> 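So that we are looking at the same thing, I have put the structure below in structure tokens.
For the single chain, residues carry numbers from 1 onward in sequence order. This one's a predicted model, so the numbers in the text were calculated from it and none came from an experiment. For ligands, and for the atoms within them, numbers begin at 1 and follow the listed sequence. Heavy atoms only: backbone and side chains are in, while hydrogens, waters and symmetry mates are out.
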Amino acid sequence: MSSFTDFSHISVRGGDGGAGCMSFRREAHVPKGGPDGGDGGDGGSIYCRADAQLSSLIDYRYKHHFHAERGTHGQGSRKHGKDGDDLFLNVPLGTVIRELDPTTMEPLYEIADLTQPGELACVAPGGVGGRGNIHFVTSVRRAPAFAEKGEPAIEHWIELEMKLMADAALVGLPSVGKSSIIARISAARPKIADYPFTTLTPNLGVARTPDGRSFVVADVPGLIEGASEGKGLGHEFLRHIERTALILHVIDLTGGFEGRDAIDDYETINGELEAYAPELFERPQIVVGNKYDMPGTEKARRALEARAEADGHPFFAVSAVTGEGLDKLVPACAEMVSDVRGSVEPSQPVASINEAWERSRAKRDQSIVIVREGARAWRISGGRVERMVVQTDWDNDEAIAYLQHRFDRMGIDDRLAKMGCANGDEVRILGYAFSFEGARDVDRDSAGGFGENGG
Ligand SMILES: Nc1nc2c(ncn2[C@@H]2O[C@H](COP(=O)(O)OP(=O)(O)OP(=O)(O)O)[C@@H](O)[C@H]2O)c(=O)[nH]1
Ligand SMILES: [Mg+2]
């Protein structure tokens, strides 16, 4: 079986949030007015978007790093920063996206499986803008002299896997020449033999027209009467053609060894398609009379052509051996595929469908891990707490006091105390170290609760 998967690993990073502004209103006769620092703009996010026109991940073979735009900083007079633009990475239909473990580069979580044109998945959310000092006014803090820095964006590696989805499927009884046709019109090299069920698993190939249009064609195991009820190998595979735009219905004009009738064969296959799924029977179909190079096939060709026409299906007489007729069949297929695919509204972008991943990511992000790193040293880690630390202006005592207050409210002090953290122990978050000064008996309005030891 030809392996038709294409993989790419890329690093994606949303835009950082802009910093909130610390500012006070200036008025002609007032030395210092109220706070008026605006919020930073949000950073842009990175989305993968399914694009029906793409057929490979080639765009991601040489470029591996993608960044969305950062938000700009807030300003005085309550002026908000500008949000960063989102970045859209177009990927082919049938692309599965996974988050990779940063150390092993093994897949960790599935983010999304994009199957509809225009479908979007957020793969790297941007950082939220920091809040300006107007947000930190309380009854006791009338003039907050600090603002929040922007939230740093998430950066991680993701895997893109393109599972090639066929545009057209070669369908027909065994030995009618389906594999011979795909071998002739694409680079696929399936096994071809004069016994039924030579093909056991689907083969995929890319067919191209001389003017450069292409479509993906699948050659699948032969269908037999009763396939829709599970007979033969066809059932398993009927599932695979449910997504194809076009059915290439292949009929052996010679009637095979049994001297079958072309019209009977045509009706048998269409009957199976209809029994399996009426939509498959309704799907655009091109009728292909194969082995037209053989003598005595003219009568069958005429009958089949008339029948196809009556049913509203284009008809082509071809030979997979000599190549006759295939030069007309391929462009006709390309045309119908693009008509069908084009009529699928690229429309309104489908909302992000990776809610499950977002939930699991948010959960991981919220979790706070505390470990003992030494006799009197502790480490706190977790996406959210680490961002809170990074968003704090460490040159500003008020900002540090505010952070300390939030940590206390989140129960971190209590957890540390319960684990045995004693006054004076060092508590580390990222590259910052604090000295622990007890959970309950701290003067929470001073910056001294967690003394900063260095950043
Ligand atoms: N003369 C002639 N023989 C053909 C033509 N196309 C296919 N054959 C022969 O028909 C036999 C079956 O061809 P395959 O391409 O394996 O048929 P298939 O439909 O893929 O068969 P399964 O995979 O078993 O369903 C082989 O012996 C081919 O050489 C053709 O256009 N002309
Ligand atoms: Mg075959």
> With respect to G177, determine whether any N or O atom, backbone or side chain, lies less than 3.5 Å from an N or O atom of ligand 1.
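Yes - when backbone and side-chain N and O of G177 are compared with those of ligand 1, one distance drops under 3.5 Å.
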> Could you tell me whether R307 and D311 make a salt bridge, using a distance below 4.0 angstrom between a side-chain N and a carboxylate O?
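Counted as a salt bridge, because a side-chain N and a carboxylate O are separated by less than 4.0 Å.
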> Give the single entry among P174, S180, A193, S319 that approaches atom 7 (C) of ligand 1 most closely by any heavy atom.
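Of the listed residues, S180 has the closest heavy atom.
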> Check this for me: does any side-chain nitrogen of one of E161 and R98 sit under 4.0 Å from a carboxylate oxygen of the other?
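Between R98 and E161 there is a salt bridge, with a charged N closer than 4.0 Å to a carboxylate O.
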> Got the closest protein heavy atom to atom 29 (O) of ligand 1, with its distance?
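Minimum-distance protein heavy atom for atom 29 (O) of ligand 1 reads I192 CG2, 3.9 Å.
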> Nearest protein heavy-atom contact for atom 22 (P) of ligand 1: which residue, which atom, what distance?
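Heavy-atom neighbour on the protein nearest atom 22 (P) of ligand 1: S175 N, 3.7 Å.
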> May I ask you to check whether P221 has an N/O atom sitting below 3.5 Å from an N/O atom of ligand 1?
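No, there is no polar N/O contact under 3.5 Å.
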> Report the nearest protein non-hydrogen atom to atom 3 (N) of ligand 1: residue, atom name, distance rounded to 0.1 Å.
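The answer is V321 CG2, 3.6 Å.
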> Are V369 and I380 side-chain neighbours, meaning at least one heavy-atom pair lies under 4.5 Å?
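Side-chain contact under 4.5 Å: no.
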> With atoms numbered from 1 as shown, which atoms in ligand 1 lie under 4.0 angstrom from a non-hydrogen atom of Y195?
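Close to Y195: 24 (O).
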> Looking only at N/O atoms, are D219 and ligand 1 under 3.5 Å apart anywhere?
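In fact, backbone or side chain, D219 has no N or O that close.
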> Salt-bridged, R131 to D39, with N to O below 4.0 Å?
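Salt bridge flag = no for D39 with R131.
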> Which ligand 1 atoms, with their elements, are less than 4.0 angstrom from a heavy-atom of D194?
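The list of qualifying atoms is 27 (O).
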> What protein heavy atom is closest to atom 31 (O) of ligand 1, reported as residue, atom name and distance in Å?
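It is A320 N, 2.8 Å.
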> I'd like to know if the Mg ion (ligand 2) has an N/O/S atom from T199 within less than 2.8 Å of it, counting both backbone and side-chain atoms.
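So T199 counts as coordinating the Mg ion (ligand 2), yes.
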> Quick test of your reading of the model: are R213 and D211 salt-bridged, counting only N-O distances below 4.0 Å?
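Between D211 and R213 there is a salt bridge, with a charged N closer than 4.0 Å to a carboxylate O.
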> Counting backbone and side-chain atoms alike, does S180 have an N/O/S atom under 2.8 Å from the Mg ion (ligand 2)?
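Looking at S180, which is the residue asked about, there is no N, O or S atom under 2.8 Å from the Mg ion (ligand 2).
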> Relative to the heavy atoms of G222, which atoms of ligand 1 are at a distance of less than 4.0 Å?
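Under 4.0 Å from G222, ligand 1 has these atoms: 25 (O).
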> What do you reckon, does P196 put a non-hydrogen atom under 4.0 Å from ligand 1?
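P196 counts as a contact of ligand 1 under the 4.0 Å cut-off.
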> Measure across K191 and T198 and return the closest heavy-atom pair with its distance rounded to 0.1 Å.
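Minimum heavy-atom contact is O-CG2, 3.5 Å.
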> Heavy atoms only: which of M294, K178, R184, E324 lies closest to atom 25 (O) of ligand 1?
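Considering heavy atoms of M294, K178, R184, E324, the nearest to atom 25 (O) of ligand 1 sits in K178.
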> Any carboxylate oxygen within less than 4.0 angstrom of a Lys/Arg side-chain nitrogen, looking at R384 and E386?
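Salt bridge between R384 and E386, a charged N being under 4.0 Å from a carboxylate O: no.
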> Return yes if a side-chain donor-acceptor contact under 3.5 Å exists between T322 and D293, otherwise no.
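There is no such pair (donor and acceptor under 3.5 Å, judged by atom type) between the side chains of T322 and D293.
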> Any donor-acceptor pair under 3.5 Å linking the side-chain atoms of S179 with those of T199?
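Yes.
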> Taking the side chain as C-beta and beyond, is there a heavy-atom pair between Y266 and T268 under 4.5 Å?
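No - every pair of side-chain heavy atoms lies 4.5 Å or more apart.
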> Is the closest basic N to carboxylate O distance between R406 and E148 below 4.0 Å?
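Here R406 pairs with E148 in a salt bridge, since their nearest N and O are under 4.0 Å apart.
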> If you count the atoms of ligand 1 from 1 in the order shown, which ones are under 4.0 Å from a heavy atom of S179?
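So the atoms of ligand 1 that pass are 15 (O), 18 (P), 20 (O).
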> I'd like to know whether ligand 1 has Y292 as a neighbour, heavy-atom separation below 4.0 Å.
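It does not; every heavy atom stays at 4.0 Å or beyond.
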> For atom 23 (O) of ligand 1, what's the nearest protein heavy atom and its distance?
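Nearest neighbour among protein heavy atoms for atom 23 (O) of ligand 1, to 0.1 Å: T199 OG1, 2.8 Å.
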> Hey, is N290 touching ligand 1 through its side chain, its backbone, both or neither, going by heavy atoms under 4.0 Å?
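Only the side chain of N290 comes within reach of ligand 1.
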> Closest heavy-atom contact between W157 and H9?
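That would be CZ3-O, 3.6 Å.
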> Under 4.0 Å, heavy-atom basis, I'd like to know which part of D293 is in contact with ligand 1: side chain, backbone, both or neither.
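Contact part for D293 vs ligand 1: side chain (C-beta onward).
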> How far is atom 10 (O) of ligand 1 from the closest protein heavy atom, and which atom is that?
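So the nearest neighbour among protein heavy atoms is K291 NZ, 3.1 Å.
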> With nothing but distance in play, are any N or O atoms of V220 less than 3.5 Å from an N or O of ligand 1?
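No - when backbone and side-chain N and O of V220 are compared with those of ligand 1, no distance drops under 3.5 Å.
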> Between M419 and W378, which heavy-atom pair has the shortest distance, and what is it?
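Looking at all heavy atoms of both residues, the closest pair is O-CH2, 3.4 Å.
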